[in-house]
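Worksheet for the structure shown next.
A note on names: the letters A, B, ... follow the listed sequences, proteins ahead of strands, and every chain is numbered from 1.
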Amino acid sequence: MTVEEAIQLQLRMAHLVEHRAPEGFEPKVAAGLDVAYTSDRFIATAVCVDIATLDIVDSAVHHGVADFPYVPGLFSFRELPALLPALAKLRVTPDVLVCDGQGLAHPRRFGLACHIGVQTGLPSIGVSKQALGQYEAPGPHRGDWKPLVDNGETVGRALRTQHGVKPVFVSIGHRIDLDTATELTLKLSPRYRLPETTRAADHLGREVLAGRVGVQDVRD
DNA sequence: GCGACAG
DNA sequence: ATCTTGTCGC
């Protein structure tokens, strides 16, 4: 797929994003997703976490050869082909996906979290370390936030997950609203800046790369 | 035209 | 994302 084709696909698929959670949405299990890279290979990880206890209840990995390069604005086309097979290997079906990147907070309103949400039909959110858009500094306390704005539109929030640390940037992916996404992010981040889901997925990827965890241990 | 640009 | 040394804090 060319860059132009990918952009056209984003513009068409952005209309499919649902900004509301399913009726009676009460997520119990959240899946953290991440992809780690070496020079030519990737390792995608999906880790299911019990939202109430933060216990890891399932995990899966998928590895292969990276083909689509990282192009700003087209991040999902690089990560999605790696992430979907990892997601498919999970035995537990998560209630919500937590992506390491943007959702609606994207130039064409279709970041990774939107893409993977629409593709799978699962509710999803994006929690990123770097903002795409403008924002004012939120208050210094955990839970403080300010709107993340792009082109005069509120596309997410700069959210303080820990007292005095740099905020994270939350946006909806699919089938969820911004308040619920914010609340979930805070539940998943009781101790560190980033959600436990993202931390667990990131950690698993590094362990596999380091050879300390075999792919067979997580059903490669 | 110039710089910035999720991971 | 990955490549890397040192440094600060619990």
Check the interface with nucleotides 5-7 of chain B: list each N/O to N/O pair with the protein under 3.5 Å, or write none.
unit_1 : atom_1 : unit_2   : atom_2 : d
B:dA6  : OP2    : A:Tyr70  : OH     : 2.2
B:dA6  : O4'    : A:Gln102 : NE2    : 3.3
B:dA6  : N6     : A:Gly73  : O      : 3.3
B:dA6  : N6     : A:Phe75  : N      : 3.2
B:dA6  : N6     : A:His106 : NE2    : 3.4
B:dA6  : N1     : A:Leu112 : N      : 3.2
B:dA6  : N3     : A:Gln102 : N      : 2.9
B:dG7  : OP1    : A:Lys129 : N      : 2.8
B:dG7  : O3'    : A:Asp100 : OD2    : 3.0

Pairs where residues 168-179 of chain A contributes a residue and the test side-chain hydrogen bond (donor to acceptor under 3.5 Å, both in side chains) is met, not counting sequence neighbours =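 Passing the test, one end in residues 168-179 of chain A: A:Arg157-A:Asp179, A:Asp177-A:Thr180.
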Within residues 97-107 of chain A or reaching into it, pairs that qualify as side-chain hydrogen bond (donor to acceptor under 3.5 Å, both in side chains) - sequence neighbours excluded: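 Qualifying pairs: A:Asp100-A:Lys129, A:Gln102-A:Ser128.
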Note to self: Give me the stems containing DNA chain B, sorted by first residue, counting only three or more consecutive Watson-Crick or G-U pairs with both distances under 3.5 Å; say none if there aren't any.
What the structure shows: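 For DNA chain B no paired stretch is long enough to count as a stem (3 pairs minimum).
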Distances under 3.5 Å between nitrogen or oxygen atoms of protein and nucleotides 6-9 of chain C:
none

Using side-chain contact (heavy atoms from CB on, under 4.5 Å) as the criterion, list what pairs up with [X], not counting sequence neighbours.
X	answer
A:Cys99	A:Leu33, A:Leu112, A:Ala113, A:Ile116
A:Glu183	A:Lys187
A:Ser39	none
A:Tyr192	A:Glu196, A:Arg199

Task: Side-chain ion pair, A:Asp67 and A:Arg78, N-O less than 4.0 Å - done: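 Not counted as a salt bridge, because no side-chain N and carboxylate O are separated by less than 4.0 Å.
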Any salt bridge between A:Asp95 and A:Lys28, counting N to O under 4.0 Å?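 No, no charged N to carboxylate O under 4.0 Å.
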Exercise for review: Can you sort out the partners of A:Glu207 under salt bridge (Lys or Arg N to Asp or Glu O under 4.0 Å), two or more places apart, ordered by chain and number?
Suggested key: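 Only A:Arg212 meet the salt bridge (Lys or Arg N to Asp or Glu O under 4.0 Å) criterion with A:Glu207.
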ring-ring contact (aromatic ring centres under 6.0 Å, His included): pairs with one or both residues in residues 10-39 of chain A, sequence neighbours excluded: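 Qualifying pairs: none.
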- Task: Verify the neighbour count for atom CZ of A:Arg20: are there more than 12 heavy atoms of other residues, nucleotides or ligands below 6.0 Å?
- Result: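 Counting neighbours around CZ of A:Arg20, 12 or fewer heavy atoms of other residues, nucleotides or ligands fall under 6.0 Å, so no.
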Checklist line | DNA chain C: stems of at least 3 consecutive Watson-Crick or G-U pairs whose donor-acceptor distances fall under 3.5 Å | finding: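 Stem list for DNA chain C: empty.
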Q. Taking the six-membered ring for Trp, are A:His62 and A:Phe42 parallel (under 30°), tilted (30 to 60°) or perpendicular (over 60°)?
A.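 Rings of A:His62 and A:Phe42: tilted, as their planes differ by 30° to 60°.
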